[in-house]
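Hydrogens, waters and symmetry mates play no part in the numbers below; they use all other heavy atoms, side chains included. Ligands are counted one by one from 1 in listed order, and the atoms in each one are counted from 1 as well.
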Amino acid sequence: MASSLLSVASHTLSLASSSSLETHTGKPKLGCNTLRFNKEGPNPFTNSRSCGRISMTVAVNVSRFEGIPMAPPDPILGVSEAFKADTSELKLNLGVGAYRTEELQPYVLKVVKKAENLMLERGDNKEYLPIEGLAAFNKATAELLLGADNPAIKQQRVATVQGLSGTGSLRLGAALIERYFPGAKVLISAPTWGNHKNIFNDARVPWSEYRYYDPKTVGLDFEGMIEDIKSAPEGSFVLLHGCAHNPTGIDPTPEQWEKIADVIQEKNHIPFFDVAYQGFASGSLDADAASVRLFVSRGLEVLVAQSYSKNLGLYAERIGAINVISSSPEAATRVKSQLKRLARPMYSNPPVHGARIVADIVGNPNLFNEWKAEMEMMAGRIKSVRHQLYDSIAAKDKSGKDWSFIVKQIGMFSYTGLNKEQSDHMTNKWRVYMTKDGRISLAGLSAAKVEYLAGAIIDSFHNVS
Ligand code: KET
């Protein structure tokens with residue numbers, strides 16, 4: 001070993017060590033000059049001691065990754081990490097949008113367990129899926145989204161590719177935009193789900209915001225939204241939340257959706273729907289897909305990213321899809337071929353487990369009905385704690401503040417209006433973990449914790465500015 005650490009003249013050998021700050025090799029007592037060089041010239045990552053014709057290399061623990069700065073924690077998933085690290089018994093995780101039972105435990109749907117048992121009984125293999133994913137899943141997911149008898153499906157105008165849940169499907173859509181609509185801008189609601197901007201940034205797709213939330217009315221800034229969509233360059237993409245807007249919980253009314261579709265059509269924009277909560281907002285799969293179906297029924301070309309994280313509780317299975325509804329079957333075929341081409345070098349082909357679960361449940365009328373009942377149960381529990389929270393805050397807070405927005409919002413979240421300092425106070429004093437934009441996940445709240453949370457919100461709102 002020792003002899004291999006000696007090298008002749010400019011041939012430098014290095015021995016890296018990650019366990020000590022500096023590793024001395026060879027015979028350090030020779031009092032040689034310290035030089036830094038190798039065949040290509042000076043190397044800042046090694047210290048070479050030169051003694052005449054002999055050079056010994058001293059590797060120091062200066063990382064090649066020295067220039068990489070520390071990334072900030074993720075604004076949503078980082079909250080779960082902080083929650084885990086807290087040892088307080090009071091702690092409550094209202095950060096990530098993940099359904100919990102009344103006992104605040106994660107929930108695996110009974111219907112999912114049944115589908116998994118069926119899979120085991122069949123002895124399904126683990127061969128690679130095709131790049132576009134499981135055919136039975138792709139069929140089921142497009143039908144669930146658009147309705148099985150949708151003319152777009154019948155006319156084969158829908159290109160569906162299984163994606164890595166909602167995020168991966170959005171990312172694939174973004175890659176398609178970057179490649180085939182160079183310079184086209186995506187309009188994103190202000191505010192929006194924290195990861196949307198990251199997704200388009202990483203795909204190098206330019207974006208700007210359209211007005212959406214009006215803090216004065218704690219409602220939709222519909223005029224602002226329409227104005228901003230109107231004034232965007234023709235042919236922009238407009239990112240829309242299919243239902244249960246995250247984080248605000250405020251959706252356009254059916255009449256407002258019609259007007260949004262009018263403007264998008266007028267301006268030749270392309271709508272890009274993010275459907276992460278189908279069935280979770282109202283409890284009905286059809287009602288929650290109404291916005292997407294409206295746009296498709298108008299003959300618009302539409303992109304839709306779907307996720308089964310929430311409605312089937314398949315968070316970690318990473319199952320979703322990107323659908324591109326085109327005006328011709330030929331265009332759909334070409335789009336699908338390009339989506340596959342984009343997916344292949346990124347992750348090759350998607351995982352099979354979640355795809356089989358979805359396909360088996362949607363394809364079996366009994367399981368499908370069981371799923372709908374469980375989804376209604378989950379959506380119902382969230383609605384129930386939402387009302388309990390409002391009742392408790394309204395009863396406790398004597399200031400006259402109107403808290404009714406809590407029950408007007410829908411979906412998994414409540415956008416409380418608490419600012420960053422107030423949200424920090426919720427965590428630091430009350431051990432209520434939530435995102436810094438004032439969003440709380442009601443899916444992580446139990447009836448037993450409602451009073452506690454109401455007290456924390458009132459204290460943070462009135463005593464922190
Ligand atoms: N879109 C929206 C609007 C959304 O809220 C999420 C997840 C996703 C897409 C993606 O989910 P996926 O698991 O990739 O299918 N939102 C929750 C979790 C997260 O941030 O990743 C959340 O907002 O808490």
Side-chain angles (χ1 to χ4, degrees), residues 72-83 93-100 106 133 137 141 144-145 161-174 186 188-200 202-203 212-213 238-251 271-281 288-289 291-292 303-323 346-347 350-351 353-355 357-358 378 382 409-415 423 433-445:
D74 183 79
I76 298 175
L77 299 184
V79 174
S80 300
E81 289 169 28
F83 174 80
N93 188 2
L94 307 183
V96 69
Y99 183 81
R100 297 281 180 273
F137 166 79
T141 198
L144 210 62
L145 177 70
V161 168
Q162 184 186 330
L164 304 182
S165 210
T167 307
S169 305
L170 284 161
R171 183 64 180 78
L172 211 46
V186 175
I188 297 177
S189 66
T192 194
W193 174 49
N195 213 17
H196 279 149
K197 293 175 186 173
N198 298 335
I199 289 169
F200 291 104
D202 276 13
Y212 191 84
Y213 174 72
V238 184
L239 190 72
L240 299 160
H241 298 224
C243 65
H245 183 273
N246 178 2
T248 66
I250 300 159
D251 284 348
F272 188 167
F273 277 96
D274 179 355
V275 176
Y277 300 95
Q278 191 182 352
F280 227 77
D288 289 352
S291 56
V292 173
L303 273 71
V304 191
Q306 287 172 283
S307 165
Y308 290 92
S309 288
K310 326 280 173 162
N311 55 10
L312 255 177
L314 293 178
Y315 310 92
E317 297 299 351
R318 312 310 295 145
I319 178 67
I322 177 78
N323 302 267
M346 273 205 262
Y347 57 85
H353 191 78
I357 294 173
V358 176
M378 291 190 287
I382 297 170
Q409 297 167 346
I410 62 159
M412 260 188 161
F413 303 106
S414 179
Y415 200 51
S423 303
Y433 286 80
M434 57 187 285
T435 53
K436 302 300 170 209
D437 57 359
R439 183 190 88 167
I440 53 175
S441 168
L442 295 175
L445 178 64

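- Inclusion of S165 in the set of residues having an N or O under 3.5 Å from an N or O of ligand 1 is warranted.
- If you check the side chains of H196 and S189, you find no donor sitting under 3.5 Å from an acceptor.
- Annotation: L77 places no N or O atom under 3.5 Å from an N or O atom of ligand 1; distance criterion only.
- Residue G166 has at least one N or O atom closer than 3.5 Å to an N or O atom of ligand 1.
- With a 4.5 Å cut-off on side-chain heavy atoms, P191 and Y415 count as touching.
- Contact atoms of ligand 1 toward R318: 12 (P), 13 (O), 14 (O) (distance under 4.0 Å to a heavy atom of the residue).
- A donor-acceptor contact under 3.5 angstrom links the side chains of T141 and Y308, judged on distance only.
- Counting only distance, with no hydrogens or angles, the side chain of D288 and the backbone of C243 share no donor-acceptor pair below 3.5 Å.
- The protein atom (non-hydrogen) at minimum distance from atom 1 (N) of ligand 1 is D274 OD2, 2.6 Å.
- For atom 14 (O) of ligand 1, the nearest protein heavy atom (residue, atom name, distance) is T167 OG1, 2.5 Å.
- For atom 23 (O) of ligand 1, the closest non-hydrogen atom on the protein side is R439 NH1, 2.9 Å.
- Note on ligand 1: Y277 sits in its first shell, one or more heavy atoms being nearer than 4.0 Å.
- Between S307 and ligand 1, at least one N/O pair is under 3.5 Å apart.
- At a cut-off of 3.5 Å, with distance as the only test, no side-chain donor of N93 or R100 sits close to an acceptor on the other residue.
- Contacts with ligand 1 closer than 4.0 Å are made by no heavy atom of Q306, backbone or side chain.
- Atom 19 (C) of ligand 1 has its closest protein heavy atom at W193 NE1, 3.6 Å.
- H245 does not count as a contact of ligand 1, since none of its heavy atoms falls under 4.0 Å from the ligand.
- No side-chain donor-acceptor contact under 3.5 Å links R439 to the backbone of K436.
- The backbone N or O of P73 sits nowhere less than 3.5 Å from a side-chain atom of E81 that would complete a donor-acceptor pair.
- Protein heavy atom at the shortest distance from atom 13 (O) of ligand 1 is S309 OG, 2.7 Å.
- Protein heavy atom in closest approach to atom 18 (C) of ligand 1: K310 NZ, 3.6 Å.
- Where the criterion is an N or O separation shorter than 3.5 Å, residue side chain and backbone included, Y315 fails it with respect to ligand 1.
- Counting heavy atoms from C-beta on, the side chains of N323 and F273 never come closer than 4.5 Å.
- Proximity of M412 to ligand 1 is not established, as no heavy-atom distance is less than 4.0 Å.
- Under a 3.5 Å cut-off, the side chain of H241 and the backbone N or O of N246 do form a donor-acceptor pair.
- Annotation for ligand 1: atoms under 4.0 Å from non-hydrogen atoms of V96 are 18 (C), 24 (O).
- You'll find the side chain of L94 stays beyond 4.5 Å of the side chain of L442, heavy atoms only.
- Note on ring orientation: taking the six-membered ring where Trp is involved, the planes of H245 and Y212 are parallel (angle under 30°, cut-offs 30° and 60°).
- Atoms of ligand 1 found under 4.0 Å from any heavy atom of G97, numbered from 1 in the order shown, are 22 (C), 24 (O).
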